[in-house]
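Here is how names work: the chains are called A, B, and so on, in the same order as the sequence lines, proteins then strands, and each is numbered from 1.
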Amino acid sequence: MEKIVSLSKRRGFIFQSSEIYGGLNGCWDYGPLGVELLNNVKQAWWRSMTFRENIEGIDAAIIMHPKVWEASGHVENFSDPMVDCKQCKARYRVDILLDELSLKKKKEILREIEPQKFSGQISDEKIHARFSELSADEKKLPELLQKFIPCPNCGNKQTFTEARQFNLMFKTFVGPVEDTNNVVYLRPETAQGIFVNFLNVQSASRQKLPFGIAQIGKAFRNEINTKNFLFRTREFEQMEMQFFVKPGSDDMWFEYWREERMKWFLELGMKPEKLRWHKHEKLAHYAKGAFDIEFEFPFGWGEIEGIHNRTDYDLSRHEQYSGKSMKYFDEETKEKFTPYVIETSVGASRSFMAFLVAAYDEEKVPTGEGGEEVRTVLHFHPQLAPVKAAILPLVNRDGMDTIARNLTQELHKSFRIFYDESGAIGRRYRRQDEIGTPYCFTIDSQTLQDQTVTVRERDTMKQERIALTSVKKYLSEKFV
RNA sequence: GCGGGAGUAACUCAGUUGGUAGAGUCACAGCCUUCCAAGCUGUUGGUCGCGGGUUCGAGUCCCGUCUCCCGCUCCA
């Protein structure tokens, strides 16, 4: 991981945000190559999703009406009460603290609090039910925490602070006056911008169910901990598509999109053994079914995409909170109903990192002198590679550099190209390997005679000769 | 959030009992070079993460703080 962080900095993929001021926790900037790679990832996704008849794109505002987040459940569910242990300084989410107690322990606690109700034989279900009632009771919760629950870290009782609200949404104000009436949130997910525009998009684009709306955009979560380079950051980018279907067909479409999305990663060069499905056992408040695509990072498996069956939860809630109908009318069957939603939600920043990690390799290769050495190479899929080709004059004389410069200018019209004339040719190849450039074209003395150039391929390091005039065509074929 | 490690040139790292900040790589200019990083000459680049303190004097000792990495914890 450190090697990748170091390469990212050295070659200009990722810089730490505000580095000259000591950095800001969990914020990162994309450098010249990073932004190319990120754009290529986003473009590959956008093309695969919206170059279809039944998916439209939008770009909604980051700041939305505060009611949106009440309707979505974020105000309610996204703020977790936390307690700190005064003894050992550990911090816990209250719901998790309570959840982790064993059934036996819960029974003991209930017997002590309400002996008249829980003295005899009591079913497990009843215990769970009563216990979650108590957990949700704001008056009883402090007593519960203080008296009965020890700190899982240090084991001490009565060391917890009062439960405090930690809202994971970034709060700010509309207008110059910082008044509670003006509070708005930076969106913690892009999905709601799609839901609230569902009928606008549907009627403007004359779409019929089933159809989807795609969006790429930044979202913000005031995470407690940031971690693992780009994996958990407070500002991140999502690539989301919400697919609206008729209730009853949702399971079928859920499976369809699971397959499609896995295929996308594989087609962009991900190795199957580096990807796996993770099924959510504990479902979020909105979901009927949820699968994650996980990637094996150096620090372990981590989610890069979620595919969820969100049911009609979001549209119904918006209908309820806004008072506007969110229903769809099917002209064919003359039915009116609230569509179900299948969501595919990829982390752009996370998949960026996954593609970077997956591409990174250190290979042993023979040297010109018959020895062996290590080359660092990024095996990006050509479509994702930040630089598509390098143009190299073998030596800077006899007009080779002029030919190379002219070729560079010509290709720049269609591709991102890198011209390099400094250092030995082997060194220049290695530089390109390190940033994942798939092809190098070398202008040599033979070019002067017969107008051909050497193409050197990144992964195999093999070379072939093609006509100078066909370089553009050669590249075009590779990047379709 | 807890525990451990680390912050010195763009990168990787030296830096002695506290006494004038170093190397290699990279980059840049030039020379040399006809296909897989290593030749020659020169050059740029550092308030030693930041802020205090002790001292005649701090990269070095003390306190605070920020950031990154690893392991736990957590991730509707």
Side-chain angles (χ1 to χ4, degrees), chain A residues 1-12 15-28 31 72-80 82-85 87-93 95-97 100 151-154 166-169 188-189 221 223-229 231-233 280 282-287 290 292 298-300 302-303 306 308 363 365-369 371 373-377 392-398 400 421-434 440-448 453-456 458 461-463 465:
Chain A
M1 200 63 213
E2 276 165 317
K3 277 183 176 173
I4 289 171
V5 175
S6 164
L7 175 77
S8 294
K9 168 89 191 287
R10 188 157 38 88
R11 290 303 191 184
F15 306 124
Q16 195 174 7
S17 163
S18 319
E19 192 189 15
I20 61 168
Y21 291 105
L24 184 62
N25 181 282
C27 292
W28 304 89
S72 70
H74 281 85
V75 172
E76 183 187 346
N77 291 305
F78 221 63
S79 53
D80 304 309
M82 311 276 294
V83 289
D84 293 325
C85 172
Q87 192 70 32
C88 67
K89 309 289 180 206
R91 177 173 292 173
Y92 303 96
R93 270 180 49 190
D95 57 330
I96 299 217
L97 212 51
E100 279 176 353
C151 170
N153 188 44
C154 64
F166 280 69
N167 198 313
L168 293 182
M169 287 194 289
E189 66 175 23
R221 290 182 196 180
E223 299 283 356
I224 300 157
N225 311 330
T226 59
K227 204 96 241 214
N228 295 122
F229 199 32
F231 189 75
R232 171 157 301 114
T233 54
H280 285 225
K282 218 175 84 183
L283 291 172
H285 57 272
Y286 53 74
D292 292 342
F299 49 81
E303 177 196 346
H308 297 170
E363 295 178 346
V365 291
T367 62
E369 287 84 45
E373 62 173 14
V374 173
R375 76 160 179 158
T376 302
V377 52
L392 317 168
L394 190 57
V395 289
N396 302 314
R397 60 163 194 244
D398 305 334
M400 293 182 203
E421 59 175 26
S422 85
I425 189 71
R427 174 194 298 273
R428 282 181 272 165
Y429 285 149
R430 294 303 156 77
R431 276 185 199 138
Q432 297 307 314
D433 289 342
E434 209 178 32
C440 293
F441 296 95
T442 305
I443 313 299
D444 52 25
S445 54
Q446 200 181 326
T447 310
L448 303 174
V453 298
T454 302
V455 192
R456 181 261 195 189
R458 177 193 65 204
M461 294 169 70
K462 289 217 172 94
Q463 305 189 343
R465 294 200 75 86

| remark: Picking from B:C70, B:C36, B:C68, the nucleotide nearest the side-chain atoms of A:Phe299 would be B:C70

| message | Can you give me the closest heavy-atom contact between A:Gln463 and A:Tyr429, atom names plus distance? | response | NE2-OH, 3.8 Å

| task | Examine B:U25: is either OP1 or OP2 under 4.0 Å from a nitrogen or oxygen in the side chain of A:Arg10? Give yes or no. | result | no

| So what does A:Gly302 touch, heavy atoms closer than 4.0 Å: a base, only the sugar-phosphate, or nothing? | nothing

| note | One should read off an interatomic distance between A:Met461 CE and A:Arg430 CZ, to the nearest 0.5 angstrom, of 4.5 Å

| field | Distance, P atom - from B:C61 to B:C26, rounded to whole angstrom | value | 33 Å

| remark: Nearest heavy-atom contact between A:Leu392 and A:Arg428 is CB-NH1, 3.8 Å

| request: Would you mind reading off the distance between A:Phe441 atom CZ and B:C36 atom C1', rounded to a whole angstrom? | output: 17 Å

| said: Let's test this: given Watson-Crick or G-U wobble pairing with both distances under 3.5 Å, identify the partner of B:G39. | reply: B:C31

| message | I want to check something: taking the side chain as every heavy atom from C-beta on, are A:Arg10 and A:Glu434 in contact at a cut-off of under 4.5 Å? | response | yes

| C1'-based separation of B:G46 from B:G59 [nearest Å] | 11 Å

| request: Using the C1' atoms only, state how far B:U44 lies from B:A9, rounded to an integer number of Å. | output: 11 Å

| query | Taking C-beta and beyond as the side chain, do A:Glu189 and A:Arg221 meet within less than 4.5 Å on heavy atoms? | reply | yes

| note | Comparing A:Arg11 with A:Phe229, nearest RNA chain B nucleotide closer to 5' gives the residue A:Arg11

| query | Of the non-hydrogen atoms in A:Pro393 and A:Glu421, which two are nearest, and what is the gap between them? | reply | CG-CB, 3.9 Å

| First encountered from the 5' end of RNA chain B, between A:His308 and A:Asp433 | A:Asp433

| task | Could you tell me whether A:Asp444 contacts a base, only the sugar-phosphate backbone, or nothing, with contacts defined as non-hydrogen atoms closer than 4.0 Å? | result | base

| query | Is any side-chain N or O of A:Asn25 closer than 4.0 Å to OP1 or OP2 of B:C68? | reply | yes

| query | Which heavy-atom pair separates A:Gly423 from A:Arg427 by the least distance, and what is that distance? | reply | CA-CD, 4.3 Å

| message | Between B:U55 and B:A14, how many Å separate the two C1' atoms, rounded to a whole number? | response | 26 Å

| query | Nearest of B:C11, B:U67, B:C36 to any side-chain atom of A:Lys9? | reply | B:C11

| task | Would you check if A:Leu394 and A:Met400 make a side-chain contact, meaning some heavy-atom pair closer than 4.5 Å? | result | yes

| request: Using the C1' atom on both, measure B:C66 against B:C50 and round to a whole Å. | output: 7 Å

| To the side chain of A:Met400, which of B:A38, B:U34, B:U67 is closest? | B:U34

| remark: Scanning all shown strands, the Watson-Crick or wobble mate of B:A14 with both distances under 3.5 Å is none

| query | The side chain of A:Tyr429 lies closest to which of these nucleotides: B:A38, B:C35, B:C68? | reply | B:C35

Nucleotide N/O of nucleotides 4-8 of chain B paired with protein N/O under 3.5 Å:
none

| task | Figure out the CZ/C1' separation between A:Arg427 and B:A27, and round it to whole Å. | result | 11 Å

| query | In whole angstrom, what separates A:Glu363's CD from B:C36's C1'? | reply | 13 Å

| What does A:Ser6 touch in the nucleic acid at a heavy-atom separation under 4.0 angstrom: a base, only the sugar-phosphate, or nothing? | sugar-phosphate

| If you take atom types as modelled and just measure distance, does the side chain of A:Tyr21 reach the base of B:C66 with a donor-acceptor pair under 3.5 Å? | no

| Between B:G24 and B:C32 - C1' atom distance, rounded Å | 23 Å

| query | Starting at CG of A:Leu24 and ending at P of B:U65, how long is that distance when rounded to a whole Å? | reply | 18 Å

| task | Please identify each residue that fulfils ring pair (Phe, Tyr, Trp, His ring centres under 6.0 Å) with A:Phe229, with sequence neighbours left out. | result | A:Trp28

| message | Using a 4.0 Å heavy-atom cut-off, does A:Gln463 contact any base of the nucleic acid, only the sugar-phosphate backbone, or nothing at all? | response | base

| task | Side-chain contact test, heavy atoms from C-beta onward, threshold under 4.5 Å: evaluate it for A:Asp444 versus A:Arg465 and give yes or no. | result | yes

| task | Please give the nucleotide sitting opposite B:A6 as a Watson-Crick or G-U wobble pair, both distances under 3.5 Å, or none. | result | B:U67

| said: Just the rounded figure in Å: distance from C1' of B:C35 to CD of A:Gln446. | reply: 12 Å

| task | Tell me what A:Asn228 touches on the nucleic acid: a base, only sugar-phosphate, or nothing, going by heavy atoms under 4.0 Å. | result | sugar-phosphate

| If you check every side-chain atom of A:Gln16, which of B:U67, B:U34, B:A38 has the closest atom? | B:U67

| task | Just call it for A:Arg430: base, sugar-phosphate, or nothing, with non-hydrogen atoms closer than 4.0 Å on any strand. | result | base

| said: Can you tell me if A:Arg428 touches the phosphate of B:A37, counting only side-chain N or O atoms and a distance under 4.0 Å to OP1 or OP2? | reply: no

| message | Partner lookup for B:C72, please. Criteria are Watson-Crick or G-U wobble with both distances under 3.5 angstrom; report none if nothing qualifies. | response | B:G1

| task | Please state whether the base of B:C36 and the side chain of A:Arg456 form at least one donor-acceptor pair under 3.5 Å? | result | yes

| Looking for any heavy atom pair under 4.0 Å, which part of the strands does A:Glu189 touch: base, sugar-phosphate only, or nothing? | base

| So what does A:Arg431 touch, heavy atoms closer than 4.0 Å: a base, only the sugar-phosphate, or nothing? | sugar-phosphate

| message | Between B:U43 and B:A37, how many Å separate the two C1' atoms, rounded to a whole number? | response | 22 Å

| Spacing of the P atoms in B:A58 and B:C62 (rounded, Å) | 15 Å

